[in-house]
> 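Can you keep this structure in mind? I'll have questions shortly.
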Amino acid sequence: MSEEISKVYQPSEVESQWYTRWLEASCFKADENSDREAYSIVIPPPNVTGVLHLGHVLNNTIQDVLSRRARMKGKEVLWLPGTDHAGIATQAVVERALRKEGTTRRELGREAFLDRVRQWKDEHGGIIIKQLKRLGCSCDWDRERYTQDDDYVERVLNVFVDLYNKGLIYRGKRMVNWCPVSQTALSDEEVIKRPSKGSLYYMRYEIVESPGEFLEIATTRPETLMGDTGVAVHPKDPRYQKYLGKHCWRPFPRQQIPIVADEHIDMEFGTGVLKVTPAHDKADFDIGQRHDLEVIDVLNPDGTLNALAGAEFEGMDRMEAREKAADKLEELGLLIKREPYENEVGFSERANVPIEPRLSLQWFLRYPSVPEATGSVLQGDITFRPQRWVKTYGHWMENIQDWCISRQLWWGHRIPVWYPKDRLAEIQSGELDEDTVRSLIHVDTQPPADAEAWTQDEDVLDTWFSSWLWPFATMDEDTRKKFFPTTDLVTGPDIIFFWVARMIMASYTFQGELPFRNVFFTSLIRDSKGRKLSKSLGNSPDCLKLLDKYGADGVRFGLLRIAPTGADIRYDEDRMKEGRNFATKLWNAVRFRQMQTPVDASVTPAAPSIYALDILGKLDALEDKLETAYQNYRFNDIANHLYEFFWSQFCDWYLESVKNDLGDSADPAVKAMTLETLDRVYRRFLMLLHPFMPHLTEELWDRLGFAAEGQFLMNEDLAATRPPWDTQESAQAQERAAAIYEATGRARNLKAEYQLGANKAVRFVLKPTVDWVDEETDTLALLIGTAGIEVRADYQPEKGVPAAVTAVGELYMPLEGLIDVAEETKRLEKEIGKVTKELEKTDKKLANPNFVERARPEIVDEIRQRRTDWQKRLEQLEEMLGNLVG
RNA sequence: GCGCGAUUAGCUCAGGGGUAGAGCGCCUGCUUCACACGCAGGAAGUCACUGGUUCAAAUCCAGUAUCGCGCACCA
């Protein structure tokens with residue numbers, strides 16, 4: 001008690017210390033043999049080499065809140081952490097480093113390259129785990145998993161083999177999304193559509209059979225015209241009937257190509273004529289199939305043009321070639337015009353370049369357990385919050401397309417398929433039918449016995465093909481028995497298809513049940529201008545700096561106060577500041593308590609005051625509000641309720657009301673009661689706040705001496721200590737306390753309007769309208785900030801004495817030199833104006849027979865009561881005014 | 001084009017058939033013995049627009065506008 005305590009909370013001194021102590025005491029450890037009810041969350045695994053960004057902070061804080069709350073509700077909690085190998089992202093980073101060194105992965109070779117990636121992972125991996133610990137995350141770190149752990153890899157390969165054997169995984173030559181930078185296929189989900197400015201080029205192809213006649217064609221991609229193998233029009237288009245079955249000249253390389261009719265063509269668009277390039281557009285490919293058109297691929301995998309495009313284009317980048325092709329058309333007199341044009345272009349999510357539709361041989365998965373996965377969400381076995389994501393999910397599931405799972409990368413789970421060397425070329429041509437291929441290849445987690453005769457597939461699996469197993473592949477059988485299916489999943493809606501939907505399908509397929517019961521979707525965090533947070537914009541805050549500046553608890557609380565309720569959220573550093581300020585507020589409120597004497601056990605406490613009963617009742621109400629908010633995952637509500645209760649109700653009102661009861665001159669019994677009440681509130685409030693501000697609450701719990709030997713606040717049981725309550729007594733006390741507080745407000749207002757300092761002791765006289773107010777005038781005076789209050793039923797004020805109508809009576813402020821009839825008249829008239837308006841509103845309602853007849857009786861009563869109250873108030877005010885004028 | 005969401009105080013947002021709310025910001029006073037990361041007081045809103053339902057609409061319904069987000073092969 002004698003030690004000097006800082007006026008502001010210093011998180012750095014406190015946070016790491018408690019985190020260490022929790023770890024040492026195994027507070028986060030989950031016991032699969034426990035009798036307690038299970039509660040579990042698996043972390044959405046961050047990239048193993050990633051760094052913490054604000055999205056992670058929000059996400060993991062919510063998971064930590066849920067975990068800590070569940071522990072305090074007596075559950076056996078498993079929060080299972082881990083990381084993801086993040087195929088493309090990690091490989092891209094290492095490749096970039098290699099390029100700086102002047103080499104490439106191909107020069108290094110597969111094994112050497114993978115060593116480099118592993119080395120890089122050893123150096124940079126695990127940073128994010130440290131950062132999560134810094135945040136206070138109560139994960140069971142002994143169970144940390146990684147998608148490249150040996151047994152996890154084995155599980156992934158097993159799943160591949162299993163699905164292959166079930167006929168759900170197949171290899172096929174198909175149009176896929178090709179990223180020319182990463183040089184790999186991507187799934188449809190990895191393609192993001194973006195409006196892009198470009199040109200629509202109008203050109204003309206000459207009719208072979210009618211020289212001098214031309215077909216006008218609009219295209220956005222003239223650089224692929226060398227791959228044109230047809231021209232298509234709508235079969236019903238009257239303009240082009242005469243050309244059906246004829247041919248036109250592709251200008252370069254000059255060649256005759258057929259004019260075909262296809263339903264796909266939109267007569268309204270452009271000229272109604274489409275150049276068909278089957279190798280470079282999915283729709284064109286389909287048209288080509290229908291009309292048996294040749295497929296000519298004029299692009300290299302890196303997005304440059306190849307020899308088939310002609311010598312002058314060979315090696316040129318596709319974007320450069322676009323203009324060059326248009327220029328060449330112009331030279332040939334075949335370009336009609338270039339029109340500015342904006343359309344949606346698919347971009348590679350990772351490399352941020354336009355993807356290229358490309359025909360290639362890839363592995364695909366026909367999704368399993370689609371009906372179960374769809375139904376479980378639509379029927380509500382799995383709950384989505386916010387609920388509106390259900391519809392998005394349902395729509396995707398109903399239109400689900402096979403998943404391209406092979407990636408032309410090296411970092412990842414290598415596809416467990418081997419090809420006989422002597423038939424390799426044949427198989428890779430993609431010409432063999434599926435059954436033949438199946439009979440030739442070896443698909444197993446282990447290589448074939450005579451390995452020399454075989455070649456393993458070069459490709460790896462999509463990263464999501466490992467993470468879709470995350471909720472159960474991270475657990476052994478005993479753990480699953482206790483903790484699977486998991487309770488909650490907290491993740492972003494941007495990966496609803498990438499991850500959430502796939503986990504649900506995987507879980508039904510391999511575990512026979514759903515993976516989690518509730519999904520809470522966090523939102524996108526934007527900056528204060530509404531832009532997405534991103535590295536390139538430089539608007540992404542440095543989370544470690546934030547943690548240093550505001551403390552983990554400050555950041556947690558600040559973010560949770562704006563936690564998503566459905567819409568995107570806007571980040572503003574001021575929110576973190578508010579969190580920190582709240583921490584300091586709490587710190588100082590406890591400091592206030594520590595400055596008081598300890599509880600004297602020999603004194604019998606007095607009966608609780610109305611203020612004590614009031615604050616305890618509000619604490620009780622808080623608890624109910626929190627319970628409801630938790631059930632609805634309303635984290636912002638929880639934070640705001642905690643904030644409101646502690647700052648406004650407890651500090652601003654209760655704490656201010658007891659300052660006379662704690663001094664040396666105070667009645668010992670009252671003092672004992674007050675200290676007891678204070679401690680009751682502190683004790684309970686720290687428990688309720690703990691999930692949001694774990695470090696600070698643990699520290700204060702300890703400082704206040706609430707911690708039993710070897711015990712932590714984080715292990716306290718909320719259910720054990722909630723007191724029984726005399727609701728009637730409490731209700732009356734709350735009503736009286738509210739009246740005193742209301743009168744306080746009016747008195748303070750009077751003082752402020754007359755420019756009297758808040759602490760200026762001025763004389764107040766009260767003409768009471770309630771019979772109990774005598775006992776409370778000391779507190780009222782304390783709250784107002786004055787010496788005392790005279791209660792006089794017969795008081796006749798001098799004209800012009802400032803006065804206010806309060807919930808406990810008419811309050812006068814007779815002070816020498818303050819008598820100003822004109823000023824006071826103005827004040828009263830203003831107030832009368834307000835009250836009259838309110839009174840009119842209620843009168844109007846009650847005068848309406850329809851209202852009185854049809855509205856619910858309790859509403860009518862309420863309005864009547866309101867009218868009476870306004871009426872009474874008005875009479876009092878008018879009487880005052882009358883005294884003033886008369 | 002289809003679907004989903006948003007529109008409430010200067011800003012960021014909550015609310016939701018029956019007195020319009022919070023935080024920040026702003027204005028005025030306060031070094032009041034827990035806290036200036038604070039205390040007290042105050043100003044500030046046609047709840048986007050138009051109709052409808054209802055005794056009663058900011059709230060429910062329909063439409064409009066603007067913004068955002070998904071999905072869709074218009075070259």
Side-chain angles (χ1 to χ4, degrees), chain A residues 5 7-9 175 193 200-201 217-221 232 264-277 281-287 341 343-344 346 357 386 388-389 391-392 395-396 399 493-494 496-497 524 526 528 530 550 554 561-562 565-572 574-575 577-596 634 636-637 640 643-644 648 651-652 655-656 659 663 744-745 748-753 755-760 784-785 838 841-842 845 848-856 858-860 862-863 866 869-870:
Chain A
I5 311 169
K7 282 186 180 185
V8 292
Y9 167 54
M175 284 303 259
K193 292 286 174 61
L200 190 57
Y201 302 86
I217 305 173
T219 181
T220 54
R221 301 203 59 191
H264 169 79
I265 309 306
D266 178 356
M267 289 189 271
E268 308 294 318
F269 188 88
T271 60
V273 186
L274 173 71
K275 74 184 195 65
V276 185
T277 323
D281 186 279
K282 190 168 185 306
D284 287 15
F285 179 77
D286 294 340
I287 295 172
Y341 187 67
N343 65 343
E344 296 275 316
R388 63 191 167 88
W389 294 110
K391 207 161 177 178
T392 308
H395 185 258
W396 187 75
N399 297 286
D494 50 332
I496 188 167
F497 309 135
L524 213 62
R526 298 173 177 278
S528 53
Y550 302 111
R561 275 190 89 197
I562 52 167
T565 55
D568 290 348
I569 58 179
R570 287 186 191 222
Y571 164 78
D572 191 330
D574 283 349
R575 300 290 89 77
K577 208 191 276 179
E578 287 165 35
R580 179 203 59 183
N581 293 356
F582 185 56
T584 292
K585 186 73 181 177
L586 178 62
W587 175 261
N588 277 294
V590 168
R591 205 159 70 95
F592 172 78
R593 172 65 187 90
Q594 290 178 291
M595 286 170 167
Q596 313 306 325
R634 300 280 307 201
N636 62 327
D637 285 351
N640 283 325
Y643 187 94
E644 218 273 320
S648 312
C651 289
D652 290 349
L655 224 47
E656 292 304 325
K659 286 186 173 171
T744 302
R748 284 172 176 173
N749 173 264
L750 268 188
K751 285 176 76 174
E753 289 211 5
Q755 312 287 325
L756 299 164
N759 55 338
K760 175 105 176 167
I784 294 172
E838 293 299 331
K841 269 205 250 176
T842 53
K845 277 201 165 176
N848 180 355
N850 281 330
F851 170 72
V852 182
E853 278 166 36
R854 297 197 180 182
R856 292 199 315 277
E858 61 269 30
I859 296 293
V860 179
E862 193 192 310
I863 301 287
R866 205 185 295 163
D869 292 345
W870 287 126

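Labels below follow one simple rule: chain letters A, B, ... track the order of the sequence lines, proteins then strands, and each chain is numbered from 1. Any value given below was found using the heavy atoms of this structure, including those in side chains, with hydrogens, waters and symmetry copies removed.
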> Which nucleotide in the set A14(B), G41(B), A75(B) lies at the smallest distance from any side-chain heavy atom of Phe269(A)?
A75(B)
> Categorize Ala283(A) for me: base, sugar-phosphate, or nothing, with a 4.0 angstrom heavy-atom threshold over every strand shown.
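Contact class for Ala283(A): base.
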> Searching all strands shown, indicate the nucleotide that pairs with A43(B) (Watson-Crick or G-U wobble; both distances under 3.5 Å).
none
> Indicate the atoms forming the closest heavy-atom contact of Pro357(A) with Lys282(A), along with that distance.
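Result for this residue pair: CB-N, 4.3 Å.
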> In whole Å, I'd like the distance from the CG atom of Leu750(A) to the P atom of A40(B).
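Rounded to the whole Å, the gap is 17 Å.
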> Taking the inter-plane angle between the rings of Phe269(A) and Tyr341(A) on a 0 to 90° scale, is it parallel (under 30°), tilted (30 to 60°) or perpendicular (over 60°)?
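Ring orientation of Phe269(A) relative to Tyr341(A): perpendicular.
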> Return the 5'-most residue of the pair Asp652(A), Lys275(A) with respect to RNA chain B, ranking by each residue's nearest nucleotide.
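In this pair, the answer is Asp652(A).
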> Any side-chain heavy-atom pair from Tyr571(A) and Ile562(A) closer than 4.5 angstrom?
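The answer is no; the side chains never approach within 4.5 Å.
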> Can you tell me the pairing partner of G38(B) across any strand shown, Watson-Crick or G-U wobble, with both distances under 3.5 angstrom?
C30(B)
> Among Asn640(A), Asn636(A), Asp637(A), exactly one meets side-chain hydrogen bond (donor to acceptor under 3.5 Å, both in side chains) together with Arg561(A). Which residue is that?
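Of all the options given, the one that passes is Asn640(A).
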> Counting side-chain heavy atoms from CB outward, which of A75(B), C24(B), C35(B) is closest to Arg591(A)?
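Within the option list, the nearest is C35(B).
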> Between Ala589(A) and Met267(A), who's closer to the 5' end of RNA chain B by nearest nucleotide?
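It is Ala589(A), whose closest nucleotide lies nearer the 5' terminus.
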> Quick one: label Asp281(A) by what it contacts on the DNA or RNA (base, sugar-phosphate, nothing), any heavy atom closer than 4.0 Å.
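It contacts nothing in the nucleic acid.
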> Using a cut-off of 4.0 Å on non-hydrogen atoms, how would the nucleic acid contact of Gly663(A) be classed: base, sugar-phosphate, or nothing?
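If one applies the 4.0 Å heavy-atom cut-off, Gly663(A) turns out to touch nothing in the nucleic acid.
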> Starting from C1' on U19(B), measure out to CD on Glu862(A) and report it in whole angstrom.
9 Å
> Need the pair for C60(B). Rule: Watson-Crick or G-U wobble, both distances under 3.5 Å, any strand; none if unpaired.
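Its partner is G52(B) (Watson-Crick or G-U wobble, both distances under 3.5 Å).
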> Taking only side-chain nitrogens and oxygens of Asn749(A), does any of them come within less than 4.0 Å of OP1 or OP2 of G42(B)?
yes
> Answer yes or no: are there more than 12 heavy-atom neighbours, outside Glu858(A) itself, under 6.0 Å from its atom CD?
yes
> Is any side-chain nitrogen or oxygen of Lys751(A) closer than 4.0 Å to OP1 or OP2 of G42(B)?
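For G42(B), neither OP1 nor OP2 has a side-chain N or O of Lys751(A) closer than 4.0 Å.
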> State which of A75(B), C71(B), U19(B) makes the closest approach to the side chain of Thr219(A).
A75(B)
> Can you find a pair of side-chain heavy atoms, one from Val860(A) and one from Phe851(A), that are under 4.5 Å apart?
yes
> According to a strict under-4.0 Å criterion, is Lys282(A) in side-chain N/O contact with OP1 or OP2 of A75(B)?
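Result: no.
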> Would the base of C73(B) count as contacting His264(A) through its side chain, where contact means a donor and an acceptor less than 3.5 Å apart?
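By the distance-only test, yes, there is a pair.
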> Could you tell me whether the phosphate oxygens of G23(B), OP1 or OP2, come under 4.0 Å of any side-chain nitrogen or oxygen in Arg561(A)?
no
> Scan Tyr341(A) against the nucleic acid and name what it touches under 4.0 Å (heavy atoms): base, sugar-phosphate only, or nothing.
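It contacts sugar-phosphate atoms only.
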> So does Lys585(A) reach the base of C35(B) with its side chain, donor to acceptor, closer than 3.5 Å?
yes
> Hey, does the side chain of Arg388(A) come within less than 4.0 Å of C4(B)'s phosphate (OP1/OP2), counting only N and O?
no
> With a 3.5 angstrom cut-off on both distances, give the Watson-Crick or G-U wobble partner of G17(B), or none if there isn't one.
none
> Of the candidate nucleotides A34(B), G41(B), A75(B), which contains the atom at the shortest distance from the side chain of Arg748(A)?
G41(B)
> Round to the nearest Å and state the distance from His395(A) atom NE2 to C4(B) atom C1'.
11 Å
> Of the candidate nucleotides G41(B), A75(B), C37(B), which contains the atom at the shortest distance from the side chain of Thr220(A)?
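When the side chain of Thr220(A) is considered, A75(B) is the closest of G41(B), A75(B), C37(B).
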> Quick one: label Lys659(A) by what it contacts on the DNA or RNA (base, sugar-phosphate, nothing), any heavy atom closer than 4.0 Å.
base
> Can you figure out which of A20(B), C4(B), A75(B) approaches the side chain of Lys391(A) most closely?
C4(B)
> Does a side-chain N or O of Asn343(A) approach OP1 or OP2 of A75(B) to a distance below 4.0 Å, or not?
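The answer is yes; a side-chain N or O of Asn343(A) sits under 4.0 Å from OP1 or OP2.
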> If every non-hydrogen atom of Trp870(A) is compared with every non-hydrogen atom of Glu838(A), which pair is closest and at what distance?
CE2-CB, 3.5 Å
> What is the nucleic acid contact for Ile562(A), judged by heavy atoms within less than 4.0 Å: base, sugar-phosphate only, or nothing?
nothing
> Respond yes when some side-chain nitrogen or oxygen of Arg580(A) is under 4.0 Å from OP1 or OP2 of C37(B), and no when none is.
no
> Do Glu656(A) side-chain and A34(B) base share a donor-acceptor contact under 3.5 Å?
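Present.
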> What is the separation between atom CZ on Phe582(A) and atom C1' on C35(B), rounded to the nearest whole Å?
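After rounding, the reported distance stands at 13 Å.
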> Contact class for Asn640(A) vs. all strands (heavy atom < 4.0 Å): base, sugar-phosphate, or nothing?
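Touches nothing.
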> Please determine whether a side-chain nitrogen or oxygen atom of Asn581(A) lies at a distance below 4.0 Å from atom OP1 or OP2 of G38(B).
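Answer yes for this pair, as a side-chain N or O of Asn581(A) is under 4.0 Å from OP1 or OP2.
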> What integer distance in Å separates Arg593(A):CZ from C33(B):P?
20 Å
